[in-house]
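These notes are about the structure you will find just below.
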Amino acid sequence: KQRYIFLLAIVFALQIHATNPQITLYSLLICLIYLVLRLLFLKENFKQKISYTTGFITSGIISLGLSAIVLIPNLEFYSLSTRSKGIITALGDYPYSLMELILFIFPFAFGNPATASYSPPFAEARLFWENTGYIGLIPLALSIFGFLAARKNKYALIFVILFALSIILSLGEQTPIGFILTFPPF
């Protein structure tokens, strides 16, 4: 439907206006992976698949048009920034480790920065607010139910795959597919 195309375009345009380009890129990639998985898993006819694909592309073009006032100066600024040479050296900064997955359940497992007791058991320095993935116990419990529903519901399976891919990529160099982060546009 056309209203969903424009809604998605407005969401992406607002992200381009308001957030870090890296977060906008990740959101775009998640939506693109969702589209591909939906086209692969769900039983829609060819006409619907073409409609979904053209709607996604159309919303991307509209969002680029809506955010051109911000994109054009940012592209010029990017060539002058320190990231113009690439960010491969920054990939090792604040890596996520398997031990930090406990922070999804217990956010203060390594201490609390407000009381100056935060001391993670790692050699390199960590930022509490960047490495703590705590979202609450109720959403965590609901996500467990989502994992269980993935066997019966293909929509839930798509989100389980997206979750697993997100965790694997956040672990970076510690996984066999960590080298993907060295390729553009990452």
Measuring from atom [atom1] of [X] to atom [atom2] of [Y], what distance do you get when rounded to the nearest 0.5 angstrom?
{"X": "Ile161", "Y": "Lys154", "atom1": "CD1", "atom2": "NZ", "result": "10.0 Å"}
{"X": "Ile69", "Y": "Asn74", "atom1": "CD1", "atom2": "CG", "result": "11.5 Å"}
{"X": "Leu148", "Y": "Asn153", "atom1": "CG", "atom2": "CG", "result": "12.5 Å"}
{"X": "Ile5", "Y": "Thr54", "atom1": "CD1", "atom2": "OG1", "result": "6.5 Å"}
{"X": "Ile167", "Y": "Leu101", "atom1": "CD1", "atom2": "CG", "result": "6.0 Å"}

At their closest point, which heavy atom of [X] faces which heavy atom of [Y], and how far apart are they?
{"X": "Thr24", "Y": "Ile16", "value": "CG2-CG1, 3.7 Å"}
{"X": "Leu66", "Y": "Ala9", "value": "CD1-O, 4.4 Å"}
{"X": "Ala156", "Y": "Ala150", "value": "CB-CA, 3.8 Å"}

Single-linkage hydrophobic cluster [X]~[Y], side-chain heavy atoms < 4.5 angstrom:
{"X": "Leu8", "Y": "Ile62", "result": "no"}
{"X": "Ile72", "Y": "Phe77", "result": "no"}
{"X": "Phe6", "Y": "Leu28", "result": "no"}
{"X": "Ile102", "Y": "Ile135", "result": "no"}
{"X": "Leu165", "Y": "Phe159", "result": "yes"}

What residues join Ile50 in its hydrophobic cluster, counting side-chain heavy atom gaps under 4.5 Å, either direct or through other members? Phe46
Supply the members, apart from Ile57, of the Ile/Leu/Val/Met/Phe/Trp/Tyr cluster built from side-chain contacts under 4.5 Å; use none for a lone residue. Ile61
Partner set under ring pair (Phe, Tyr, Trp, His ring centres under 6.0 Å) for Phe56, not counting sequence neighbours: none
Test ring pair (Phe, Tyr, Trp, His ring centres under 6.0 Å) applied to Phe12 - qualifying residues, sequence neighbours left out: none
Looking at residues at least two apart in the chain, or sitting in another chain, which of them share a side chain to side chain contact (heavy atoms under 4.5 Å, CB included) with [X]?
{"X": "Ser119", "answer": "none"}
{"X": "Thr132", "answer": "Leu103, Pro107, Phe128, Tyr134"}
{"X": "Leu140", "answer": "Ile105, Ser143"}
{"X": "Val11", "answer": "none"}

Let me check something: any side-chain donor-acceptor pairs from residues 35-43 under 3.5 Å, sequence neighbours excluded? List them with distances.
| from | atom 1 | to | atom 2 | distance (Å) |
| --- | --- | --- | --- | --- |
| Arg38 | NE | Glu44 | OE2 | 3.2 |
| Arg38 | NH1 | Tyr34 | OH | 3.3 |
| Arg38 | NH2 | Glu44 | OE2 | 3.0 |
| Arg38 | NH2 | Tyr52 | OH | 3.1 |
| Arg38 | NH2 | Tyr155 | OH | 3.3 |

Salt bridge (Lys or Arg N to Asp or Glu O under 4.0 Å) pairs touching residues 46-70, sequence neighbours excluded, are none
For residues 58-73, which residue pairs pass the side-chain hydrogen bond (donor to acceptor under 3.5 Å, both in side chains) check, not counting sequence neighbours? none
